[in-house]
Amino acid sequence: MWKYIGKRLLQMIPILIVVAILIFTLMYFVPGDPIQILLGDTATPVQIQETRERLGLDYPYIVRLKNFMVDLCHLDFGESYITGADVGRELLGRFPNTLILAFFCVAVSLILGIPIGIHCALRADKLPDRIWLFFTMLCSSMPSFWLALMLVLLFSLRLGILPSNGIGGWEYFVLPITANSIGSVAGIARQTRSSMLETIRSDFVTMARSKGLSEKAVILKHALPNALIPIITIAGGHFGFMLGGATVIESVFSLPGIGSFMLAGINNRDYPVVQGGIIYIAFAFAIMMLIVDLVYAFVDPRIKAQYVSGRKK
């Protein structure tokens, strides 16, 4: 198991290198001058040239790429062009807010989505199943930014019971978590239904029922554990993306997280912020996928045996 974990961690290195080169290249050739945005329209050509030299933007592509990769090897993401703040320190400071949002969004999605999916699978093609499928499809197609704005309008402006923006106690996370988890609840519910339908029609479930086990025991002890693999996959993917920053939700609710930080960097052509944020997202997603693979081993002993024997590549 530890050998497998070490191998996966080593595999992340070339992936992160490729991501770093790609994002640097894209930001190098993207239209727009960050110096012009930084200094404004009243800046003189001399001021623009001096600022470009101070920030090292006057060097050719190869030299800047080499400097960027060397700094990255020292875990130096550079400083923001706009604020002058250390990008790495800013990412670490905003990470807890993004982590809280991602964790509770996935937790809510699993707590609500799995029971809904099981309920639909046990009543497949009946009226309750069709009603839930309609609502899950509706939630999946509902834009998160629109839902966030409607929640602010109702609970903040009309009722005045929840804050609409900023950071503070638990109440500041209620609306962002709700707006960001609705789509995930629908996705996990539909995946659970599909997996459970396939599992409950298997021979081992029929045999468990023939032994006289209660329906609850058959579903929870036999069917659900065997249906969890695709559910874990989709939940891990949602968590990885949310760790990268729920950009729209964080912006709507002015939540100081990774997503809102990157969005500000994109709007201001703040290259170090965007580059550092993308590399962080790639690393967070790779770590999350490793955790998902390890969770597989606890859910399915056959996968654990593959890890231990070294056959899992």
Side-chain angles (χ1 to χ4, degrees), residues 99-144 147-148 150-151 154-155 162 170 173-243 246 249 288 291-301 303:
L99 179 62
I100 292 173
L101 180 62
F103 175 80
F104 281 102
C105 284
V106 173
V108 169
S109 302
L110 292 173
I111 292 171
L112 297 180
I114 291 178
I116 293 173
I118 295 175
H119 178 81
C120 292
L122 295 178
R123 294 160 179 80
D125 298 326
K126 296 181 180 179
L127 182 60
D129 178 40
R130 296 182 183 278
I131 293 175
W132 278 114
L133 284 179
F134 170 77
F135 278 109
T136 56
M137 187 176 297
L138 181 65
C139 292
S140 297
S141 59
M142 189 181 301
S144 59
L147 178 59
M150 293 302 101
L151 292 175
L154 176 61
F155 291 101
L162 289 171
W170 62 268
F173 287 94
V174 173
L175 294 183
I177 290 172
T178 302
N180 205 34
S181 60
I182 292 296
S184 296
V185 170
I188 290 178
R190 294 175 68 87
Q191 182 60 65
T192 302
R193 177 186 182 274
S194 176
S195 299
M196 287 295 295
L197 277 176
E198 182 178 354
T199 304
I200 60 180
R201 294 167 180 169
S202 302
D203 293 338
F204 71 90
V205 175
T206 304
M207 181 176 294
R209 283 173 173 156
S210 67
K211 291 180 179 180
L213 296 177
S214 65
E215 187 67 12
K216 181 178 180 181
V218 171
I219 296 300
L220 297 181
K221 294 184 179 180
H222 295 273
L224 183 58
N226 286 275
L228 278 179
I229 294 297
I231 301 172
I232 293 172
T233 302
I234 191 173
H238 286 170
F239 192 69
F241 282 117
M242 290 177 186
L243 275 181
I249 297 300
M288 194 61 231
I291 294 174
V292 167
D293 284 350
L294 297 179
V295 173
Y296 289 162
F298 290 98
V299 173
D300 192 335
I303 297 178

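Among residues two or more places apart in sequence or in another chain, the side chain to side chain contact (heavy atoms under 4.5 Å, CB included) test is passed with Leu228 by Leu224, Ile231, Ile232, Val299. Checked against side chain to side chain donor-acceptor pair (under 3.5 Å), Thr199 has no partners two or more places apart in sequence or in another chain.
To the nearest 0.5 angstrom, Ser144 atom OG is 6.5 Å from Asn180 atom CG. Note that CZ of Phe239 is 5.5 Å distant from CG of Leu99, once rounded to the nearest 0.5 Å. From Ser214, atom OG reaches atom CZ of Arg209 across 11.0 Å, with rounding to the nearest 0.5 Å. With rounding to the nearest 0.5 angstrom, the CG atom of Leu122 is 8.5 Å from the CG atom of Leu197. In this structure, the separation between CG on Leu112 and OG on Ser184 is 11.0 Å, given to the nearest 0.5 Å.
Screening Cys139, Ser109, Ser140 for a side chain to side chain contact (heavy atoms under 4.5 Å, CB included) with Val185, the sole residue that qualifies is Ser109.
At most 12 heavy atoms of other shown residues, nucleotides or ligands fall within 6.0 angstrom of atom CZ in Phe104. For Met150, the CE atom is densely surrounded, since the number of other residues' heavy atoms within 6.0 Å is greater than 12.
Contact check for Leu110 versus Ile188: side-chain heavy atoms found under the 4.5 Å cut-off. Here the side chains of Ile177 and Phe103 are not in contact, with every heavy-atom distance at 4.5 Å or above. Residues Ile234 and Pro230 fail the side-chain proximity criterion, which asks for heavy atoms closer than 4.5 Å. Contact of the Leu147 side chain with the Thr178 side chain is not registered, since no non-hydrogen atoms from C-beta on lie closer than 4.5 Å. With a 4.5 Å cut-off on side-chain heavy atoms, His119 and Pro128 count as touching.
Pro225 approaches Leu220 most closely through the heavy-atom pair CD-O, 3.3 Å. Contact between Thr136 and Ala189 at its shortest, heavy atoms only, is CG2-CB, 4.1 Å. Annotation for Ala179 and Ile249: closest pair CB-CD1, 3.9 Å, computed over non-hydrogen atoms. Contact record, Trp132 with Cys120: CB-SG, 3.2 Å, taken as the closest heavy-atom pair.
A donor-acceptor pair under 3.5 Å is absent between the side-chain atoms of Ser194 and the main chain of Gln191, judged by distance alone. In this structure, Ser202 contributes its side chain and Val205 its backbone to no donor-acceptor pair below 3.5 Å.
Identified under the salt bridge (charged side-chain N to carboxylate O under 4.0 Å, His left out) test for residues 111-136, with sequence neighbours left out: Asp129-Arg193.
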### Message
Asn226 vs Phe204, test: side chain to side chain contact (heavy atoms under 4.5 Å, CB included). Steps then yes/no.
### Response
CA-CA 10 Å; Asn226 286 275; Phe204 71 90; 3.6 Å; yes
